[in-house]
Amino acid sequence: MENKEKFEQSVRNMLEIVGENPDREGLLKTPERVYKAFGFLTKGYSQDPREVLNEALFTSSNDEMVLIRDIEFYSMCEHHLLPIIGRAHVAYIPDGKVVGLSKIPRMVEVFARRLQIQEQMTEQIADAITDVINPKGVGVVIQARHMCMEMRGVEKVNSITTTSALRGMFREQKTRSEFLNFINTPPSVRY
Ligand code: ZN
């Protein structure tokens, strides 16, 4: 991030406005700390998720579902700048091309390290996979907790928001059920 001074001045202003003294000892380094934290939490803006996937593409005759579930992520809502903490489940059915397994969580990370709304992030993940490997189908489900709801008392603590983006074969009943069953199976049964 550029404009470090401008950013830090904004944090000082915020501290003053909420009734703090930005010059007291405990807060002196806060503007710089917030600057660094925000730089990290928004570093996805300088990364290209499609490039991440393109780093490891392979030709494959496999046409069975590839599913990676429980990809943990931390993001920030674009409406309140408060954390979204969640898990993404990503699946696709290849059509000649597969992507290295580790690239999927990395791509999720790129989208998460931007200001987000959950619905949009779900779509973005599905779109990126579609664009890069054009599979027979893609399914993305995200389950997340929103601190902007919980901390502000809008929703009960621990309420989980679920969003999904289903494309191609994942719109068909059979594939859709297979995918959703996988996601909903407790891990203890599967390992
Ligand atoms: Zn929010």
Side-chain angles (χ1 to χ4, degrees), residues 1-22 26-27 29-53 67-91 103-131 138-167 170 176 179-180 183-184 187:
M1 287 197 301
E2 289 169 20
N3 292 317
K4 182 168 187 278
E5 272 171 35
K6 192 173 174 187
F7 187 99
E8 291 184 18
Q9 186 56 48
S10 305
V11 176
R12 276 184 67 88
N13 292 342
M14 278 171 64
L15 290 170
E16 257 171 37
I17 290 164
V18 301
E20 266 293 354
N21 167 16
L27 292 177
K29 287 188 174 165
T30 296
E32 189 178 8
R33 290 192 194 99
V34 178
Y35 170 81
K36 284 181 181 160
F38 260 71
F40 181 80
L41 297 173
T42 60
K43 68 180 179 185
Y45 285 115
S46 59
Q47 300 167 331
D48 181 350
R50 284 162 181 77
E51 219 165 81
V52 169
L53 296 179
L67 175 105
I68 304 178
R69 52 172 262 185
D70 297 316
I71 303 167
E72 285 196 347
F73 71 86
Y74 299 87
S75 190
M76 212 167 17
C77 86
E78 68 180 28
H79 299 141
H80 305 91
L81 305 187
L82 288 170
I84 302 172
I85 303 165
R87 289 177 174 210
H89 315 288
V90 180
K103 302 301 175 185
I104 303 258
R106 273 201 50 214
M107 170 202 53
V108 170
E109 168 95 0
V110 171
F111 285 122
R113 296 296 186 204
R114 299 175 179 187
L115 300 183
Q116 277 294 3
I117 54 177
Q118 184 178 328
E119 298 87 334
Q120 170 184 278
M121 183 171 151
T122 312
E123 298 281 331
Q124 286 173 337
I125 293 169
D127 288 343
I129 293 177
T130 304
D131 289 353
V138 182
V140 180
V141 168
I142 292 184
Q143 298 168 306
R145 293 175 58 193
H146 292 250
M147 291 307 117
C148 65
M149 293 200 281
E150 297 186 20
M151 292 169 75
R152 298 187 310 136
V154 179
E155 290 266 332
K156 272 195 313 190
V157 171
N158 280 330
S159 75
I160 292 176
T161 304
T162 303
T163 49
S164 65
L166 303 173
R167 309 272 163 81
F170 283 76
R176 182 198 190 99
F179 175 45
L180 298 178
I183 292 174
N184 292 322

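Both ligands and their constituent atoms are indexed starting at 1 by order of listing.
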Could you tell me whether the Zn ion (ligand 1) has an N, O or S atom of His146 under 2.8 Å away? no
Do any of the N/O/S atoms of Cys77, backbone or side chain, fall under 2.8 Å from the Zn ion (ligand 1)? yes
Please test Thr163 against Gln118 for side chain to side chain donor-acceptor pair (under 3.5 Å), starting from the C-alpha separation and ending with a verdict. CA-CA 7 Å; Thr163 49; Gln118 184 178 328; 3.0 Å; yes
Checking Lys4 against Glu32 for the salt bridge (charged side-chain N to carboxylate O under 4.0 Å, His left out) test, could you report, in this order, the C-alpha distance in whole Å, the side-chain angles of both residues, the deciding distance, and whether it holds? CA-CA 8 Å; Lys4 182 168 187 278; Glu32 189 178 8; 3.5 Å; yes
Could you walk me through whether Gln47 and Glu109 pass the side chain to side chain donor-acceptor pair (under 3.5 Å) test, one step at a time? CA-CA 10 Å; Gln47 300 167 331; Glu109 168 95 0; over 6 Å; no
Determine the sole option in Ile125, Asp48, Val52 for which the side-chain contact (heavy atoms from CB on, under 4.5 Å) test with Val110 is passed. Val52
Restricting to N, O or S atoms, which atom of His80 is closest to the Zn ion (ligand 1)? ND1
